[in-house]
Participant: 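The structure is given below, and queries will be raised subsequently.
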2 protein chains.
Amino acid sequence: MDDDHCECESEEFTARIRGGMLDDDTVMDLADLFKVFGDSTRIRILWALHESEMCVHGISKSLGLTMSAVSHQLKTLKDADLVQSRRDGKNVYYSLCDEHVEILLSTALTHLREEKR
Amino acid sequence: MDDDHCECESEEFTARIRGGMLDDDTVMDLADLFKVFGDSTRIRILWALHESEMCVHGISKSLGLTMSAVSHQLKTLKDADLVQSRRDGKNVYYSLCDEHVEILLSTALTHLREEKR
DNA sequence: TGAACAGTTGAACAAATGTTCAAGTGATTG
DNA sequence: CAATCACTTGAACATTTGTTCAACTGTTCA
């Protein structure tokens, strides 16, 4: 047995890591979910919606973005089940689906602040 | 006063949203942090490291990736203060910096599972 | 019905990103 | 000190992604 190799290069060790690994679909789903958060426009939209339900025009006006850009991003957010929508006359109102958005954003903010210390 | 417009299009409302908005740097930092999580290779590396500290060779062997690819991604993870490294002889050992990685991953997993219901 | 408003969508383009390959550094050992 | 192992790095390439523009759908109201 070589003992000039570190433990983590052993067959036993690598087998254990492989055994504990998330399956491929889950890894992809996780990455895809985080990708949705990985854009400043979408972060802004989510932050705005955590204040209140809003229509597309209201979001684009508040954030200084074109309606088209907002609509494209809302579609991405909706596909990820982060926001939901309801139509009322000419307007479509968007709101956050659940509390996970807030947890993810606030955990990330905490990380950023500790990093700066 | 038009009352065929929704509340969220009013000047008062948009001003409130703008006032509550995160500043540009914070939004960018948040997006950049989430971007780091938004890749399946990095998710796999983080998941492996949450089991145990590992050297680069061990990670690449466990996950079936080239050392170069792993090293590039570890640099990204380190720049985001998600992992830290220490050298011991020829080996460089990487480990998670803090508990935020686990919180973010587990919150995201919870979201994915609720989504499926 | 037709004009106006709210929103969506697809194509096109530029910018960002992940992997590979090849060349490099740094530490150990004979 | 030369060889080897562990790791890093930069350039190149293909892929992905966000915005814009233009055309489109859907609703209201006169």
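In this text the structure is predicted, and so the values were computed from the model without any measurement. In what follows, chains are A, B, ... by sequence order, proteins preceding strands, each numbered from 1.
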Participant: To the closest 0.5 Å, what do you measure between CD (A:Glu99) and CD (A:Glu102)?
Facilitator: 8.0 Å
Participant: Any side-chain donor-acceptor pair under 3.5 Å between B:Thr26 and B:Asp23?
Facilitator: yes
Participant: Under 3.5 Å, side-chain donor or acceptor atoms of residues 43-52 of chain B against the rest of the protein: list the pairs with distances, not counting sequence neighbours.
Facilitator:
residue : atom : partner : partner atom : Å
B:Arg44 : NH1  : A:Asp24 : OD1          : 3.2
B:Trp47 : NE1  : A:Gly20 : O            : 2.9

Participant: Using a 4.0 Å heavy-atom cut-off, does A:Thr41 contact any base of the nucleic acid, only the sugar-phosphate backbone, or nothing at all?
Facilitator: sugar-phosphate
Participant: Between A:Gly89 and A:Asp39, which has a closest nucleotide on DNA chain D that is more 5'?
Facilitator: A:Asp39
Participant: Starting from C1' on D:dT17, measure out to NZ on B:Lys35 and report it in whole angstrom.
Facilitator: 10 Å
Participant: Please determine whether a side-chain nitrogen or oxygen atom of B:Tyr94 lies at a distance below 4.0 Å from atom OP1 or OP2 of D:dT8.
Facilitator: yes
Participant: Keeping B:Arg18 on the side-chain end and A:Ser62 on the backbone end, is there a donor-acceptor pair under 3.5 Å?
Facilitator: yes
Participant: How are the rings of A:Phe34 and B:Phe34 set relative to one another: parallel (under 30°), tilted (30 to 60°) or perpendicular (over 60°)?
Facilitator: parallel
Participant: Closer than 3.5 angstrom, by distance alone: can the side chain of A:Lys78 be matched with the main-chain N or O of A:Gln84 as a donor-acceptor pair?
Facilitator: no
Participant: If only side-chain N and O atoms of B:Gln73 are considered, is one of them under 4.0 Å from the OP1 or OP2 phosphate oxygen of C:dT19?
Facilitator: yes
Participant: Treat primed atoms plus P, OP1 and OP2 as sugar-phosphate and everything else as base, then score nucleotides 20-26 of chain D 5' to 3': B for base contact with protein heavy atoms under 4.0 Å, S for sugar-phosphate contact only, - for none.
Facilitator: BBB----
